[in-house]
Each structure stands twice: as structure tokens, then as C-alpha cells.
Undergrad: 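Pasting a structure below so you can have a look.
Computed from a prediction, not measured in an experiment: that's the story for all the values here.
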Amino acid sequence: MDKTPLDDWIGRKIGLQPGDLSREAIEDYQLNRLRETMALAKEKSAYYRKSLALVDPRQITFAEFAELPFTFPQDIQHNPLKFICTSQNEIDRIVSLQSSGTTGEPKRIYFTKEDQELTIDYFDYGMRNLVGPMDRVLILLPWEVPGSVGDLLRMGLERMNAYPIPYGPVYDAGEAIEAALEYQINSMVGIPNHVLSMARHERSDLLKGRIKSVLLTTDHVPNSVAQTIEEKWNCQVFNHYGMTEMGLGGGVQCSARLSYHLREADLYFEIINPETGGLLPEGELGEIVFTTLTRRGMPLIRYRTGDSSRFTPGNCPCGSVLRNMEVVKGRISGKQELAGIELSMAELDEVLFPVDGVLDFQCNIEEADGMDYIYLNLMKAESQTLDEQGIHRALQTIPAIRNGMDQDQLKVVVNVSENRFPVSKGTLKRKILDNRLNC
């Protein structure tokens with residue numbers, strides 16, 4: 001098994017020869033970079049000048065850093081310009097993020113040309129687990145705008161002499177399959193349910209044996225979706241974690257396809273207790289927090305992602321010395337309570353996506369006359385019939401749903417349609433919508 005290319009890439013970035021990377025070297029580098037980032041932010045950012053007023057960045061330790069205040073998404077939303085550490089003339093790309101259910105101004109994230117170069121470089125090396133020179137990669141992500149995720153990925157792939165084919169989000173699975181055949185692609189990068197719609201299309205078998213690797217990104221990846229794609233095309237599916245705020249890329253699976261290996265030269269990660277804010281040890285589930293180490297336009301310090309994961313102990317079979325982080329399955333705030341038990345999107349994913357023909361679903365919770373109602377709108381593949389009784393049986397394996405129905409406090413209504421849900425051009429995460437008045 002080959003070691004992740006990120007090891008030697010990170011080693012080079014911190015001044016080491018190939019094969020010399022160690023945890024001690026990474027941590028020494030990260031502490032120095034944390035101090036530099038804090039000094040920059042305290043000097044140049046109006047927001048951090050205030051929040052770090054009593055901190056001496058030059059002497060801070062990891063333990064002291066873990067006591068610093070967090071940066072929350074709403075802090076950026078309220079006044080993003082207070083985070084900028086360069087002149088606005090140096091800002092090359094502005095990304096506006098509107099989270100589902102959020103009102104008011106969107107978050108705006110600012111990048112210099114050098115900040116975007118860091119992402120291109122990461123995409124170049126992060127993709128080397130999947131593809132190499134001359135491979136033909138279909139990019140099923142937004143790419144038309146310069147500096148968008150698909151555009152930066154294109155440039156990263158070109159650097160390794162691969163052949164990227166920017167296509168965009170999948171609006172019509174049949175047309176995307178036609179493009180894959182026309183351009184003779186052997187790898188693709190896309191949003192999980194978009195790629196699933198291709199894998200479950202009636203012409204999906206035309207790609208079997210042609211695709212060697214798939215990278216799923218922008219949303220949480222259900223195991224059942226990855227397994228379906230692998231079985232349909234006899235390929236390997238890799239999982240990538242990232243968000244716009246961290247510069248699009250945070251971690252990617254190696255050939256072992258277990259945890260993420262993290263982008264530790266550019267980002268410092270912590271796992272915290274979401275209630276107390278305290279650091280959690282390896283193995284304990286909590287909220288992902290990150291700090292940028294090399295960004296200059298808009299550095300972020302201890303940014304709360306809202307995503308749930310844990311550092312996994314032990315060494316990866318690939319031999320990497322990078323930290324391992326468990327694949328993200330959902331949001332800290334993404335669980336809703338039913339009859340005293342929490343229901344998560346991840347639980348719904350793992351019972352609904354294995355049903356042959358299911359392409360996507362939406363979940364809404366309503367309340368009427370003292371009863372909770374779950375409304376599930378399922379989108380199915382064309383010319384396929386779903387086993388609705390099987391769907392109801394599968395749903396009752398979820399503790400919150402089974403308990404609510406046993407106590408006669410919950411009813412589940414399933415609607416099936418071939419109509420497509422609106423296709424997001426951005427990176428919105430799928431979530432349960434709770435419309436009950438007391439929530």
C-alpha cells in the first residue's frame with residue numbers, strides 16, 4: 001500500500017527531505033505558524049485585534065492556544081471586513097455563503113491570489129491518490145467562475161499532467177454519462193448524490209470498467225452511497241473533507257480509504273466538546289475546529305465548523321505520520337429529537353440510500369394535534385419502482401422513529417417522485433428541516 005502523497009508534500013512545505021517527516025517536526029512547525037498567524041491577525045485584523053488584545057502571540061503554547069476564544073460563523077457574517085489582513089486591492093476572490101435556513105447577510109470569505117495558490121497546490125497532491133499523468137477526470141463541480149472550486153481543481157490536475165474535463169453539477173444524469181463517454185474519462189470528482197444519480201441511471205453500465213476512481217466531496221458521504229458507486233462501476237471511491245472557510249480542502253482519504261489525512265501544513269485542527277469548548281483526546285467524538293496557518297487575506301483562528309468527528313488513534317496502514325480524522329457523518333446541530341431520542345441525517349442516509357432506485361431525499365418534521373409527523377420526499381431513478389413497504393421497514397430500524405411510532409407519538413409519510421430536487425451550485429449540506437413550533 002502506497003503512503004499518501006501528502007506526507008512528502010507537507011515535508012517539502014516545512015523544509016524537510018522526502019521521508020524525514022515526523023510528528024515532532026509537524027508540531028514544531030505548526031506552533032511557529034500559529035504564532036505567526038496570531039501576530040498577523042492581531043496587527044492587521046480589527047476583529048482579532050480586539051479578541052487577542054491580552055495575548056502575546058510570540059510566546060503562546062499549544063495549551064494556552066486551546067484557551068483562546070473561538071471564531072463563530074456569525075462573527076464573519078456580521079462583519080467580514082473586520083477579518084481582512086491585506087488591502088482590498090490584494091483580494092482576488094470573494095465567496096458568499098448562504099447557509100440553508102439562514103436569514104440576513106451571507107458569510108463572505110476573502111482570498112488573495114496567494115491563498116488560492118495554496119489550494120491549487122493541495123489539490124495537485126491530494127488528488128495523486130486517485131489519478132496520475134494522462135488520466136481524464138470529469139469535474140462535476142461549479143467551475144465557470146475563476147477561482148471557484150472546480151476551476152482550482154482543474155489547475156491542480158493540470159499540474160500533475162492529468163486531463164481535467166470541467167462539466168459542472170449534474171442536472172441530468174444521462175447527459176453527464178454521455179459526457180463521460182465522449183471524453184473517455186476514467187475518474188470523476190463530484191457531489192455524492194449527483195454521482196449516485198449517474199450510478200443508478202439506466203445507462204450506468206456503460207461506465208462499468210471505465211472508471212477507476214471517484215472522489216466525493218462538498219457534502220457528507222454516506223457509506224451506502226460510496227458502496228453503491230463502487231459496486232456499479234467496480235471502482236474505488238474516496239472521501240474528501242473541506243469547506244470554503246478553510247480554503248476548500250481539509251483532508252482526504254489515502255489508498256487505505258479509512259480516515260482523512262489532514263492538510264497539516266496549512267491548517268491546525270482541534271476536536272472540542274461542543275458544550276464546554278474543552279479539547280477532547282483522540283477517540284472522543286466532538287466538533288471540528290480549525291485555524292489557518294498560511295492564509296494572509298483572511299486568516300481564521302479557532303473557527304467552529306459545526307461538523308462532528310474525532311481523531312482516530314493509531315497509525316494508518318499506509319504508513320503516514322499525519323493525523324487521522326474519522327470521516328465526517330453530520331453536523332453537531334443536525335440532530336432532531338423525536339419522543340426523547342435524537343434522529344440524525346446520517347441515520348436516514350444509511351437506511352434510505354441502500355434502497356435500489358433512491359437518488360435523494362428531503363426530510364421535514366411537522367407537528368399537528370400533539371403528534372409529530374416525518375414527511376420524507378424521495379426522488380427515485382427513472383423507470384424504477386421503489387419498495388415502499390421495505391422503506392417503512394427500514395425506517396423503523398432507526399431508534400428514534402421506532403420509539404416514536406411504538407409510543408404512538410409519530411407518523412411517517414413517504415412521498416415518491418421522479419421530479420428532481422433543485423440542484424445546488426454551491427456547497428450546502430443536506431439537513432433535516434424541523435418546522436415544529438417548539439423547536
Side-chain angles (χ1 to χ4, degrees), residues 9 13 37 40-41 44-45 71 73 76-77 79-99 105-128 130-131 137-171 188-191 194 215-219 240-252 263 265-267 290-300 303 305 423-429:
W9 173 68
K13 284 173 70 75
T37 296
L40 170 70
K44 301 290 188 180
S45 159
T71 303
I76 298 175
Q77 185 180 19
N79 199 332
L81 293 177
K82 286 188 175 182
F83 289 84
I84 295 179
C85 291
T86 63
S87 69
Q88 293 203 42
N89 290 335
E90 295 177 76
I91 298 299
D92 190 66
R93 167 89 168 136
I94 304 173
V95 182
S96 295
L97 301 174
Q98 183 71 65
S99 300
E105 289 297 315
K107 287 179 291 183
R108 289 187 171 85
I109 312 299
Y110 297 82
F111 299 96
T112 66
K113 188 174 182 178
E114 292 73 22
D115 295 336
Q116 293 180 92
E117 170 58 32
L118 295 170
T119 298
I120 297 168
D121 195 32
Y122 166 71
F123 283 163
D124 175 2
Y125 284 85
M127 285 294 294
R128 294 188 185 200
L130 294 79
V131 294
V137 186
L138 191 66
I139 300 176
L140 303 171
L141 301 169
W143 64 274
E144 295 93 340
V145 177
S148 59
V149 59
D151 185 47
L152 298 181
L153 177 58
R154 172 190 63 79
M155 289 187 273
L157 289 166
E158 287 175 345
R159 289 187 181 180
M160 72 167 80
N161 293 318
Y163 187 76
I165 297 96
Y167 181 86
V170 177
Y171 294 92
M188 65 177 71
V189 180
I191 299 167
H194 290 199
L215 183 75
L216 300 179
T217 186
T218 77
D219 199 359
H240 174 261
Y241 175 62
M243 58 197 311
T244 302
E245 294 94 322
M246 65 176 61
L248 299 172
V252 66
R263 184 184 170 187
D266 295 323
L267 299 165
F290 74 86
T291 298
T292 61
L293 300 177
T294 49
R295 282 241 300 273
R296 291 295 177 262
M298 189 181 190
L300 296 176
Y303 183 80
T305 67
V423 176
S424 171
K425 291 185 178 182
T427 57
L428 291 181
K429 303 292 191 294

Undergrad: With side-chain contact (heavy atoms from CB on, under 4.5 Å) as the criterion, how do Phe123 and Leu152 come out once you've worked through the C-alpha distance, each side chain's angles and the decisive distance to 0.1 Å?
TA: CA-CA 8 Å; Phe123 283 163; Leu152 298 181; 4.0 Å; yes
Undergrad: With a 4.5 Å limit on heavy-atom distance, are the side chains of Met246 and Tyr241 in contact?
TA: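 Side-chain contact under 4.5 Å: yes.
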Undergrad: Mind checking whether Val252 and Leu215 have side chains closer than 4.5 Å, heavy atoms only?
TA: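 Result yes, sub-4.5 Å side-chain heavy-atom pair found.
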Undergrad: Would Asp121 and Trp9 count as a side-chain hydrogen bond (donor to acceptor under 3.5 Å, both in side chains) here? Give the steps.
TA: CA-CA 9 Å; Asp121 195 32; Trp9 173 68; 2.9 Å; yes
Undergrad: Regarding Asp115 and Thr112, do their side chains bring together a donor and an acceptor under 3.5 Å, going by distance alone?
TA: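 Yes, side-chain donor-acceptor contact under 3.5 Å.
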Undergrad: Would you call Tyr167 and Ile139 a side-chain contact if the rule is heavy atoms closer than 4.5 Å?
TA: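 Contact flag for Tyr167/Ile139 side chains = no.
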Undergrad: With Glu117, which of Arg295, Arg296, Arg159 fulfils salt bridge (charged side-chain N to carboxylate O under 4.0 Å, His left out)?
TA: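 That would be Arg159; it is the only one of Arg295, Arg296, Arg159 passing the salt bridge (charged side-chain N to carboxylate O under 4.0 Å, His left out) with Glu117.
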Undergrad: Could you please spell out the steps behind the salt bridge (charged side-chain N to carboxylate O under 4.0 Å, His left out) verdict for Glu90 and Lys44?
TA: CA-CA 14 Å; Glu90 295 177 76; Lys44 301 290 188 180; over 6 Å; no
Undergrad: Are Tyr110 and Leu81 side-chain neighbours, meaning at least one heavy-atom pair lies under 4.5 Å?
TA: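 Answer yes - side chains close enough.
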Undergrad: Does Ile109 reach the side chain of Ile94, with side-chain heavy atoms less than 4.5 Å apart?
TA: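 They are not in side-chain contact.
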Undergrad: Would you say Thr292's side chain and Leu300's backbone share a donor-acceptor pair under 3.5 angstrom?
TA: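 Answer holds: yes.
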Undergrad: Between Asp124 (side chain only) and Ile120 (backbone N and O only), is there a donor and an acceptor less than 3.5 Å apart?
TA: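 A pair under 3.5 Å: no.
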Undergrad: Should Ile191 and Leu216 count as side-chain neighbours, where that means a heavy-atom distance under 4.5 Å?
TA: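 No, too far: nothing below the 4.5 Å cut-off.
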Undergrad: If you round to the nearest 0.5 Å, how far is CE of Met188 from CG of Leu140?
TA: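 Reported to 0.5 Å precision, the distance equals 6.0 Å.
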Undergrad: For the pair Thr218 and Leu141, evaluate side-chain contact (heavy atoms from CB on, under 4.5 Å) and give the outcome as yes or no after the intermediate values.
TA: CA-CA 9 Å; Thr218 77; Leu141 301 169; 3.8 Å; yes
Undergrad: I'd like to know if the side chain of Arg93 reaches the main chain of Gly147, judged simply by a donor and an acceptor atom lying under 3.5 Å from each other, with no hydrogens or angles considered.
TA: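 Yes; at least one donor-acceptor contact below 3.5 Å.
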Undergrad: Considering the options Val149, Asp266, Leu248, which one meets the side chain to side chain contact (heavy atoms under 4.5 Å, CB included) requirement together with Thr119?
TA: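 Among Val149, Asp266, Leu248, the one meeting side chain to side chain contact (heavy atoms under 4.5 Å, CB included) with Thr119 is Leu248.
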Undergrad: So, is the end of the Arg263 side chain (NZ or CZ) under 6.0 Å from the ring centre of Tyr122 and within 45° of the ring's axis?
TA: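 Yes, Arg263 and Tyr122 form such a contact.
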Undergrad: Can you confirm whether Gln88 is buried at CD, in the sense that more than 12 heavy atoms of other residues, nucleotides or ligands lie under 6.0 Å from that atom?
TA: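 12 or below, so no.
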Undergrad: Can you check whether Thr217's main-chain N or O pairs, donor with acceptor, with His240's side chain at less than 3.5 Å?
TA: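 Pair absent, no side-chain N/O of His240 close to backbone of Thr217.
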Undergrad: May I ask you to decide if Leu293's main-chain N or O and Thr37's side chain share a donor-acceptor pair within less than 3.5 Å?
TA: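 Yes; at least one donor-acceptor contact below 3.5 Å.
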Undergrad: Taking the inter-plane angle between the rings of Tyr303 and Phe290 on a 0 to 90° scale, is it parallel (under 30°), tilted (30 to 60°) or perpendicular (over 60°)?
TA: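 Plane angle between 30° and 60°, so tilted.
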